[in-house]
Each structure stands twice: as structure tokens, then as C-alpha cells.
Participant: 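Okay, here's the structure, questions in a sec.
Remember, it's a predicted structure, so these values are computed and weren't measured experimentally.
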Amino acid sequence: MSVGLGISAPLSPTSDTSMGTSTFSLADYVVFILLLVFSLAIGLYHAFRGWGRHTVGELLMADRKMDCLPVALSLLATFQSAVAILGVPSEIYRFGTQYWFLGCCYFLGLLIPAHIFIPIFYRLHLTSAYEYLELRFNKTVRVCGTMTFIFQMVIYMGVVLYAPSLALNAVTGFDLWLSVLTLGIVCTIYTSLGGLKAVIWTDVFQTLVMFFGQLAVIIVGSAKVGGLGHVWAVASQHGRISGIELDPDPFVRHTFWTLAFGGVFMMLSLYGVNQAQVQRYLSSRTEKAAVLSCYAVFPCQQVALCMGCLIGLVMFVYYQEHPMSIQQAQAAPDQFVLYFVMDLLKGLPGLPGLFVACLFSGSLSTISSAFNSLATVTMEDLIRPWFPEFAEARPIMLSRGLAFGYGLLCLGMVYISSQMGPVLQAAISIFGMIGGPLLGLFCLGMFFPCANPPGAVVGLLAGLVMAFWIGIGSIVISMGSHISLPPTNGSSFSLPSNLTVATVTTLMPSTTLSKRNAGPVPEPCDHLPSMAEAPGPPALVLSEAAPLWELQPEPPHRW
């Protein structure tokens with residue numbers, strides 16, 4: 001999962017009228033609104049069912065009575081964000097199917113958590129994963145881990161809501177702040193009132209919406225271009241079907257080694273020690289159910305990856321036969337999928353709305369999990385151990401208040417995200433930079449009996465300093481870089497002066513690099529672009545971040 005970083009212009013919530021936008025029909029709005037209504041209804045059902053008899057354990061851990069199937073779908077939905085739904089097809093469309101080999105890491109990346117991390121966490125009867133750090137080291141290490149996680153999630157959850165809203169506004173004219181506020185408020189209500197059980201069951205519903213939305217695009221798109229067999233044949237003729245790239249050079253953009261082996265560590269940081277996932281394991285009825293839920297994620301991840309890749313191939317073949325409009329050609333790569341969907345489904349009322357519902361289902365599932373996990377670690381790691389009397393006085397109200405407070409903080413982060421400009425590129429990458437050191441901290445405790453508390457704190461700080469030095473250094477160096485990108489649609493065209501910054505998500509490829517005043521370049525066929533072409537450091541391996549979209553090009557900078 002290579003990451004190319006660049007600096008973009010400050011983001012504007014107002015779309016450029018010269019780009020031209022596709023409008024939603026009444027049926028599309030109905031489908032989108034139904035997503036919000038059903039999500040809110042599921043959450044409120046679990047909130048008011050047994051109102052007055054809820055316990056803290058029910059709110060934070062779903063009473064530890066969940067079955068493996070809903071837990072598995074919730075595990076999948078938590079990091080299957082809107083970023084992934086937009087990013088994977090764009091990657092395949094532009095660079096071919098090499099990214100598909102990321103699926104090779106899923107088995108080992110889920111087998112290790114199932115048989116190492118889950119048994120340890122479950123048998124200790126934990127609520128917060130960071131309780132383990134106190135049991136293994138001391139309270140100081142626990143607080144350090146908790147504060148690191150809170151910092152990681154807070155800076156991310158605003159971006160994961162803002163980024164797809166910005167892209168949707170640019171392509172369809174859908175009101176940016178209306179969508180942000182609506183989604184944020186709906187998610188905050190059902191998460192704070194319904195607790196983990198409401199989050200898990202809404203995740204199940206939203207996962208189904210994501211699958212149906214992507215499936216509709218694949219079916220309609222493949223039908224319009226002559227079937228999936230024709231799609232594969234045309235993509236193969238144009239060099240988009242990639243074989244296994246075994247080049248050991250770490251500067252190569254994607255190889256089997258970086259995807260399969262680097263992806264294992266990405267999966268471990270997300271499915272092994274991330275509180276949002278650990279909390280779901282611990283909500284299972286039994287340890288066996290928790291392990292089975294982890295196993296069940298494997299086929300679901302493969303299906304999600306395959307659907308994203310197929311959309312990318314269908315999109316590539318479609319635009320071989322249907323030339324792009326000017327606004328599509330000038331769009332940032334992560335907007336390609338939305339333009340494609342609006343173009344493909346414009347004559348089918350309701351289906352564009354279904355895909356938008358699919359897109360925002362990813363956002364809802366991600367931020368609701370963030371709210372719930374943040375409320376849990378704050379309650380269990382920062383309030384209960386230090387203020388036991390306060391925590392026991394009104395625990396239900398406190399738990400709901402924490403979730404509601406983090407929901408409001410998310411909306412505040414969305415506004416900050418819209419104002420940060422280039423600094424935001426560093427902020428969204430911090431999620432990935434923190435994931436590795438946190439994984440290392442847990443592995444240090446589990447696999448090295450000789451490790452002591454001072455060593456754990458120093459190791460965590462050293463890992464964070466190193467990750468930030470590499471990550472922020474890459475951003476600074478790439479500010480003045482001039483990197484050529486391959487054109488799409490088999491033709492040459494001038495790209496806008498500023499393109500989307502690329503980062504990696506659980507299921508999302510690295511996307512674009514910054515480029516200014518780029519001219520036409522040949523389309524790659526036999527070789528994938530190499531990160532070695534960039535005048536900056538080698539690509540980073542980050543676990544999770546989000547792309548941004550630019551609506552308006554900025555004036556040329558004077559360096």
C-alpha cells in the first residue's frame with residue numbers, strides 16, 4: 001500500500017459552475033433519505049427497547065451477547081468507508097489490476113488476530129483494548145496508548161465525513177453542508193442513544209446497502225458495454241490486466257510483496273489492536289463466536305475488493321467506447337467513479353441515489369464506530385480508573401454524553417477540515433502513522449516478556465517520532481515535486497493544476513500524486529508507474545487515511 005503525498009489547495013465548499021453538475025431526481029432523493037430513516041430507526045429501536053433498564057455493559061459492549069454474523073458484517077463495515085468505494089475503482093481504472101493482489105494479505109491478516117489477539121483480549125474479559133497495557137505494563141502505558149488512539153481517531157473522523165461530501169458536491173451539486181450535518185446528526189443520535197448494539201445492527205444494514213449499490217453499477221455497466229467477458233477482453237488488450245509483479249524494489253508503486261506482505265501489517269493494525277474492532281470481538285457471546293466472526297470477514301473482504309475492482313474495469317471499458325466530457329477529463333481521479341455513476345445511471349431514476357446511499361453508508365458505519373469506540377476508551381481508561389465515584393454515579397448518562405460529545409466534535413472537525421488546506425494532508429495521514437506504533441506496542445507486550453514499562457513508553461514515542469518524521473517529511477519534500485500521471489480513456493489531455501492527494505485505506509489504493517501544469521504523457525501498458533519517479537523519499541506504508549477532492553484549482557504558487 002504505497003502512498004504518494006502531495007499538497008493541495010485549500011478546499012472550498014462551493015463547486016465550480018464551469019464544471020457542470022448532474023442533478024438528482026426525486027427518486028434518488030427518496031432512496032437517499034430512506035437510508036437515513038432506516039439507519040435512524042434501527043438505532044432508535046435498540047435505544048428505546050428496554051429504556052430505563054440499560055446498563056453500561058449494554059451500551060458499550062452490547063451485553064456481550066452478539067452472534068458472529070452481525071459482528072462480522074460490522075467488522076467489515078467499520079473500515080469499508082466511502083473512501084474505499086471511490087478509491088478502489090479509480091486505482092484499477094488508472095493503473096490496472098495489480099492492486100487486486102491486496103486480497104492475498106487478507107487471510108494471514110485475519111488468521112493472526114483470530115488466534116493470537118482475540119484469545120488474549122477475550123479471556124481477560126476486557127472492555128477497552130488498552131486495559132491490556134495496564135495489566136502487562138502499568139497505568140502510564142495504558143494512558144499513553146489511549147491518548148494516542150483518541151488523537152488518531154479524532155483527526156480522522158471529520159475527514160471521513162467531509163471528503164465524500166465534498167466529492168459528491170463537486171459532481172452532483174448535492175449541498176455539501178446539508179449532507180454533512182444530516183449524516184453527522186443522524187449518526188450521533190443513534191450511536192449515543194443505542195450504543196454498540198445499535199451501531200452493529202446499523203452496520204449490517206449499511207453493509208447490505210454498500211453491496212447492492214456497487215452491484216447495481218456492475219450489472220448496469222457491464223450490460224451497456226457487452227458483458228463482463230467483453231470487459232475483461234478489452235481491459236486485457238489495453239494492458240489493464242496485471243500479472244504478479246515480483247520485483248523486490250521497494251520504490252515500485254505496487255508489487256506482490258508490498259501488497260501481500262505489507263498488507264498483513266495493515267490488517268493487523270486494523271483488525272488486531274484497533275479498539276473499534278476489538279470492541280466488536282469482545283461483544284460476541286463466546287470466544288468461538290468472536291473467532292468465527294473474524295474468519296467470516298475474509299470472504300466478505302474478498303467480495304468487497306472484487307466488486308471495487310470490477311467497477312474500475314467496467315468504467316475503463318465504458319470510457320473506451322464513450323468519450324469523456326470536458327468536466328470529467330478535468331476531474332480529480334477520485335471523482336471519476338461519481339461522474340461514471342451519474343453518467344451510467346442517469347436514465348434509471350433511483351439508482352444514482354442507491355449508489356450515493358452506498359457511499360454514505362460507508363461514512364456512517366465508519367464514524368459511528370469511531371464515536372462508540374472513543375466513548376468506550378474515554379469512559380474505561382480515563383474516567384473510571386481516575387474518577388471511580390464520578391463514573392459510578394450516572395454511568396448511563398455519562399456514556400451517552402461522551403458519544404454525543406464526540407459526535408459534535410466530529411462536526412467541528414469537518415469544519416476545521418474545510419479550512420485547513422495543505423495542513424489537512426498531514427492530518428489525514430496521521431491515522432496511518434499512528435497505527436504502526438500502536439501495533440508495535442501491543443506486540444511488544446505479547447511477544448517480549450523482558451519488556452518493561454519505561455521501554456514500552458520509549459518505544460511508542462520513538463515509533464511515533466519516526467513515523468511522523470517520514471510522513472511529514474514526505475509531504476514537505478513533495479510540495480515542490482512535479483510528477484507525471486498517466487492519462488485515462490486512452491487519450492492525452494491536460495490535467496488540472498492540482499490533483500487529489502493519495503493515501504491508503506483498508507480497501508483503498510494509493511491514488512494520485514500532486515502534479516502542476518502537466519502535459520500529455522503516454523499511456524502505460526506494460527509497466528506500472530514507479531514511485532521512484534518522484535524526487536521525494538520512497539513510498540510509505542500507512543494503514544488508513546482518506547483522499548480529498550479539490551473543487552477549484554488554486555492560483556499558481558510562487559516557490
Participant: May I have the step-by-step check of side chain to side chain contact (heavy atoms under 4.5 Å, CB included) for Met157 and Leu374, ending in yes or no?
Facilitator: CA-CA 11 Å; Met157 62 185 182; Leu374 285 168; 3.8 Å; yes
Participant: Would you call the rings of Phe261 and Phe256 parallel, tilted or perpendicular, where under 30° means parallel and over 60° means perpendicular?
Facilitator: perpendicular
Participant: Between Thr378 (side chain) and Ala375 (backbone), is there a donor-acceptor pair under 3.5 Å?
Facilitator: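 No, Thr378 side chain to Ala375 backbone: no donor-acceptor pair under 3.5 Å.
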Participant: Applying side chain to side chain donor-acceptor pair (under 3.5 Å), run through Tyr406 and Ser192 and close with a yes or a no.
Facilitator: CA-CA 9 Å; Tyr406 278 116; Ser192 58; over 6 Å; no
Participant: Are any side-chain N or O atoms of Gln152 and backbone N or O atoms of Thr148, one a donor and one an acceptor, separated by less than 3.5 Å?
Facilitator: no
Participant: When you measure from the side chain of Tyr190 to the backbone of Thr202, do you find a donor-acceptor pair of N or O atoms at a distance under 3.5 Å?
Facilitator: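 Looks like no, no N/O pair under 3.5 Å.
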Participant: Which heavy atom of Phe355 sits nearest to which heavy atom of Gly213, and what is that distance?
Facilitator: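 That closest heavy-atom pairing would be CD1-O, 3.9 Å.
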Participant: Verify the distance criterion only: is there a donor paired with an acceptor across the side chains of Tyr156 and Thr366 at less than 3.5 Å?
Facilitator: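 Per modelled atom types, Tyr156 and Thr366 side chains form no pair under 3.5 Å.
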Participant: Evaluate the side-chain proximity of Phe404 to Leu193: yes if any heavy-atom separation is below 4.5 Å, no if none is.
Facilitator: no
Participant: Kindly give the heavy-atom pair with the smallest separation between Ser361 and Gln206, and that separation in Å.
Facilitator: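 Reported closest heavy-atom pair: CB-O, 3.5 Å.
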Participant: Before you tell me yes or no, could you show the steps for Phe149 and Tyr130 under ring pair (Phe, Tyr, Trp, His ring centres under 6.0 Å), namely the whole-Å CA-CA distance, both residues' side-chain angles and the distance that decides it to 0.1 Å?
Facilitator: CA-CA 9 Å; Phe149 171 76; Tyr130 303 98; 5.7 Å; yes
Participant: If I take atom CZ from residue Phe211 and atom CG from residue Leu76, how far apart are they, to the nearest 0.5 angstrom?
Facilitator: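 One gets 5.5 Å once the value is rounded to the nearest 0.5 Å.
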Participant: CG/Leu270 to CG/Leu439 distance, rounded to the nearest 0.5 angstrom?
Facilitator: 9.5 Å
Participant: Does the Asp67 side chain pair with the main chain of Leu69, one donor and one acceptor, at a distance under 3.5 Å?
Facilitator: no
Participant: List the steps and the verdict of side chain to side chain contact (heavy atoms under 4.5 Å, CB included) for Leu409 and Val154.
Facilitator: CA-CA 8 Å; Leu409 181 60; Val154 164; 3.8 Å; yes
Participant: Hey, are the side chains of Tyr162 and Met413 touching, using non-hydrogen atoms and a 4.5 Å cut-off?
Facilitator: no
Participant: Working note: Cys410 + Leu161, criterion side chain to side chain contact (heavy atoms under 4.5 Å, CB included); need CA distance, chi angles, decisive distance, verdict.
Facilitator: CA-CA 8 Å; Cys410 173; Leu161 179 56; 4.3 Å; yes
Participant: Please enumerate all residues that pass side-chain hydrogen bond (donor to acceptor under 3.5 Å, both in side chains) together with Gln279, with sequence neighbours excluded.
Facilitator: Gln275, Asn372, Thr376
Participant: side-chain contact (heavy atoms from CB on, under 4.5 Å) with Ala27: which residues, sequence neighbours excluded?
Facilitator: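 Expected list: Ser25, Pro349.
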Participant: Under a plain distance cut-off of 3.5 Å, with no hydrogens placed, do Arg384 and Thr127 share a side-chain donor-acceptor pair?
Facilitator: no
Participant: Considering only heavy atoms from C-beta outward, does the side chain of Asp203 approach that of Ser369 to under 4.5 Å?
Facilitator: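 A side-chain contact exists here, since the closest heavy-atom pair is under 4.5 Å.
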Participant: Considering all heavy atoms of both residues, which atom of Leu444 and which atom of Ala456 are nearest to each other, and what is their separation?
Facilitator: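 Between these two residues, the closest heavy atoms are CD2-CA, 3.7 Å.
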Participant: Find the distance between OG (Ser165) and CG (Leu176) and round it off to the nearest 0.5 Å.
Facilitator: 6.0 Å
Participant: For Asp63 and Lys197: C-alpha separation, side-chain torsions, deciding distance, then whether salt bridge (Lys or Arg N to Asp or Glu O under 4.0 Å) applies.
Facilitator: CA-CA 9 Å; Asp63 254 357; Lys197 186 176 290 187; 5.7 Å; no
Participant: Just so I know, are the side chains of Glu287 and Pro119 near enough to count as touching, which here means a heavy-atom distance under 4.5 Å?
Facilitator: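 Yes, close enough: below the 4.5 Å cut-off.
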Participant: Between the side chain of Tyr99 and the main-chain N/O of His254, is any donor-acceptor distance below 3.5 Å?
Facilitator: no
Participant: Can you find a pair of side-chain heavy atoms, one from Glu131 and one from Arg142, that are under 4.5 Å apart?
Facilitator: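 Yes - at least one pair of side-chain heavy atoms lies under 4.5 Å apart.
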Participant: Considering only heavy atoms from C-beta outward, does the side chain of Leu268 approach that of Phe117 to under 4.5 Å?
Facilitator: yes
Participant: To the nearest 0.5 angstrom, please state how far the CD atom of Gln98 sits from the OG1 atom of Thr255.
Facilitator: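 Reported to 0.5 Å precision, the distance equals 7.0 Å.
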Participant: When you measure from the side chain of Ser365 to the backbone N and O of Gly362, does any donor-acceptor pair fall under 3.5 Å?
Facilitator: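 Yes.
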Participant: Could you tell me if the ring centre of Phe107 sits under 6.0 Å from that of Phe298?
Facilitator: yes
Participant: Just how far is it from atom OG1 of Thr97 to atom CG of Leu310, taken to the nearest 0.5 Å?
Facilitator: 10.5 Å
Participant: Is atom OH of Tyr29 surrounded by more than 12 heavy atoms (other residues, nucleotides or ligands) closer than 6.0 Å?
Facilitator: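 For Tyr29, atom OH is crowded (more than 12 foreign heavy atoms under 6.0 Å).
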Participant: Less than 4.5 Å apart, any side-chain heavy atom of Ser269 and any of Leu438?
Facilitator: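 Ser269 vs Leu438: side chains apart.
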Participant: So Val356 and Asp28, side chain to side chain contact (heavy atoms under 4.5 Å, CB included) or not? Walk me through it.
Facilitator: CA-CA 9 Å; Val356 170; Asp28 296 322; over 6 Å; no
Participant: Between the main-chain N or O of Gly445 and the side-chain N or O of Tyr132, is there a donor-acceptor pair closer than 3.5 Å?
Facilitator: yes
Participant: To the nearest 0.5 Å, what is the distance between CD1 on Ile219 and CD on Gln214?
Facilitator: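 If I round to the nearest 0.5 Å, the distance is 12.0 Å.
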Participant: Using modelled atom types only, decide if a donor and an acceptor are shared between the side chain of Arg280 and the backbone of Ala276 within a distance under 3.5 Å.
Facilitator: yes
Participant: Donor-acceptor check, side chain of Ser293 to backbone of Ala72, threshold 3.5 angstrom: yes or no?
Facilitator: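 Checking the backbone N and O of Ala72 against the side chain of Ser293, no donor-acceptor pair under 3.5 Å is found.
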Participant: If you compare all heavy atoms of Val278 against all heavy atoms of Ala129, which two are closest, and at what distance to 0.1 Å?
Facilitator: CG1-CB, 4.0 Å
Participant: How close do Gly145 and Leu460 get, heavy atom to heavy atom, and via which atoms?
Facilitator: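 Residues Gly145 and Leu460, closest heavy atoms: N-CD2, 4.5 Å.
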Participant: Do you know the tightest heavy-atom contact between Arg136 and Pro449?
Facilitator: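 Result for this residue pair: NH2-O, 3.4 Å.
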Participant: Could you check whether any side-chain heavy atom of Pro453 comes within less than 4.5 Å of a side-chain heavy atom of Thr140, counting everything from C-beta outward?
Facilitator: no
Participant: Using the ring of each side chain (for Trp, its six-membered ring), is Phe121 parallel, tilted or perpendicular to Phe442, with breaks at 30° and 60°?
Facilitator: perpendicular
Participant: Just checking, any donor-acceptor pair under 3.5 angstrom between side chains of Asp381 and Ser128?
Facilitator: yes
Participant: Does Lys139 have more than 12 heavy atoms from other residues, nucleotides or ligands lying within 6.0 Å of its NZ?
Facilitator: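 Buried by this count: over 12 neighbours within 6.0 Å.
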Participant: With a 3.5 Å distance limit and no angle check, can you tell me whether Ser90 reaches the backbone of Leu86 through a side-chain donor-acceptor pair?
Facilitator: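 No: the side chain of Ser90 does not pair with the backbone of Leu86.
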